[in-house]
Amino acid sequence: MQRLARLIYPAQCLTCDEMIEVTRGLCPTCWSNTPFIVDHPCEACGRPLIGDAQEGDLCDDCRAHPRAWDRGRAAMLYAGNGRSIVLRFKHGDRTDLAYSAGQWLANAAEPLITPDTVVAPVPLHWVRILKRRYNQAALLAARVAKLHDRPYIPDLLKRSSATRTLDGMTAEQRRDTVAGAIRITAKRANSIKGKRVLLIDDVMTTGATLTQCAEVCLAAGAKGVDVAVLARVDRDT
């Protein structure tokens, strides 16, 4: 059936609609123009490191301000075609992007997966879900969990208040805005005790939201928290 579907509906590049023969989602040109993060990124936030970096190295920000989580990865930088893909996925009703984007993210997150890992998305407030009709982080998290055959808990966390959009805010403003806005879902609290939680989101800027999520998970008894995002804002670019 899948072969028949490919004959009837040939695969197209996710950004330029060119017909493609591969299943990675992008044509060769768009793939080369997308800032995927390769080699050894910062172990904590996934930012690409400059110079002779080795596995386990940290960027200057993560050395100066240790993260609430243990390890982090990102599939690409939030720039150029990477930014375009995220915006289409997040605000353009392009839920179909979750299939390929989830594969890219699963590949990036592979070093974080352990036998006791459970996967959960960063939550959206219900008001925002009504407006957008979906949580892009949940679509990514479901794909990552499936590809790595790990338990998926879509409602592990919830936003108890509808915060303002964080776009354009400083790191301090972001931290203050999300403070206390995220809580553990009571009926799911026991499901992460003694386990590692892999938090999934679409974009990491300062990490304020992920920090709140990680702290809530640790307070609920998680053994550790890792994070993986589709795109990482690089403050140096």
Side-chain angles (χ1 to χ4, degrees), residues 14 25 46 68-69 72-76 78 82-109 112-113 117-148 150-167 169 174 177-189 191-192 197-217 220 222 225-233:
L14 296 174
W69 59 84
R73 292 293 187 275
M76 64 180 76
Y78 186 69
R83 182 176 183 273
S84 176
I85 290 171
V86 170
L87 292 178
R88 290 185 185 194
F89 179 39
K90 188 172 184 177
H91 299 297
D93 204 25
R94 289 290 305 274
T95 57
D96 59 298
L97 294 174
Y99 185 85
S100 294
Q103 177 71 68
W104 306 334
L105 185 51
N107 292 342
L112 311 180
I113 302 297
T117 293
V118 299
V119 181
V122 168
L124 279 182
H125 191 266
W126 66 268
V127 171
R128 191 160 294 174
I129 291 180
L130 283 178
K131 292 180 179 179
R132 192 176 297 168
R133 296 182 296 165
Y134 60 93
N135 177 1
Q136 68 280 357
L139 297 180
L140 291 171
R143 181 85 172 121
V144 171
K146 180 178 181 180
L147 290 170
H148 285 295
R150 300 310 310 145
Y152 172 50
I153 311 177
D155 57 345
L156 175 65
L157 301 171
K158 63 180 180 180
R159 284 185 182 263
S160 57
S161 59
T163 58
R164 294 179 297 143
T165 179
L166 303 181
D167 294 345
M169 291 187 183
R174 286 170 175 263
T177 299
V178 300
I182 297 172
R183 299 179 182 177
I184 197 83
T185 302
K187 65 180 180 179
R188 301 299 185 194
S191 63
I192 63 171
V197 177
L198 176 61
L199 295 172
I200 302 293
D201 205 359
D202 57 342
V203 179
M204 182 196 305
T205 304
T206 64
T209 300
L210 286 163
T211 295
Q212 280 287 308
C213 292
E215 290 175 346
V216 167
C217 289
V225 176
D226 301 308
V227 304
V229 297
L230 178 60
R232 174 75 169 92
V233 173

Separation between CG (L210) and CG (D226), nearest 0.5 Å, reads 11.5 Å
Rounding to 0.5 Å, atoms CD (Q212) and CZ (R183) come to a distance of 11.0 Å
Note, L156 side chain near I184 side chain (heavy atom, < 4.5 Å) = yes
State, with a plain yes or no, whether a side-chain heavy atom of T211 is found less than 4.5 Å away from one of W69.
-> yes
Not counting sequence neighbours, which residues clear salt bridge (charged side-chain N to carboxylate O under 4.0 Å, His left out) with D202? List them please.
-> K90
Donor-acceptor contact below 3.5 Å, side chain R73 vs main chain A109 = no
Under 3.5 Å, side chain of R232 to main-chain N/O of T205, donor-acceptor pair present?
-> yes
Side-chain heavy atoms of I113 within contact of R150, under 4.5 Å = yes
Sequence neighbours left out, what passes side chain to side chain donor-acceptor pair (under 3.5 Å) with R188? Give chain and number order.
-> D155
Apply side chain to side chain donor-acceptor pair (under 3.5 Å) to T117 and list each qualifying residue two or more places apart in sequence or on a separate chain.
-> T114
Any donor-acceptor pair under 3.5 Å linking the side chain of R88 with the backbone of L14?
-> yes
Kindly give the heavy-atom pair with the smallest separation between A228 and L112, and that separation in Å.
-> CB-CD1, 4.4 Å
Note: G25 and S100 closest approach over all heavy atoms is CA-OG, 3.6 Å
Among L230, T95, L124, which residue meets the side-chain contact (heavy atoms from CB on, under 4.5 Å) test with Q136?
-> L124
Let me see the working for Y78 and L87 under side chain to side chain contact (heavy atoms under 4.5 Å, CB included), right down to the final yes or no.
-> CA-CA 10 Å; Y78 186 69; L87 292 178; 3.4 Å; yes
Should L157 and C217 count as side-chain neighbours, where that means a heavy-atom distance under 4.5 Å?
-> yes
Just do the side chain to side chain contact (heavy atoms under 4.5 Å, CB included) check on R143 and L105 with the steps written out, would you?
-> CA-CA 9 Å; R143 181 85 172 121; L105 185 51; over 6 Å; no
Does the side chain of V227 come within less than 4.5 Å of D201's, by heavy atoms?
-> no
Side chain to side chain contact (heavy atoms under 4.5 Å, CB included) evaluation trace for T185 with I153 | CA-CA 10 Å; T185 302; I153 311 177; over 6 Å; no
Check whether any side-chain N or O of Y152 sits under 3.5 Å from a backbone N or O of A138 as a donor-acceptor pair, and report yes or no.
-> yes
Side chain to side chain, R159 and V122, heavy atoms closer than 4.5 Å = yes
R83 atom CZ: more than 12 heavy-atom contacts under 6.0 Å = no
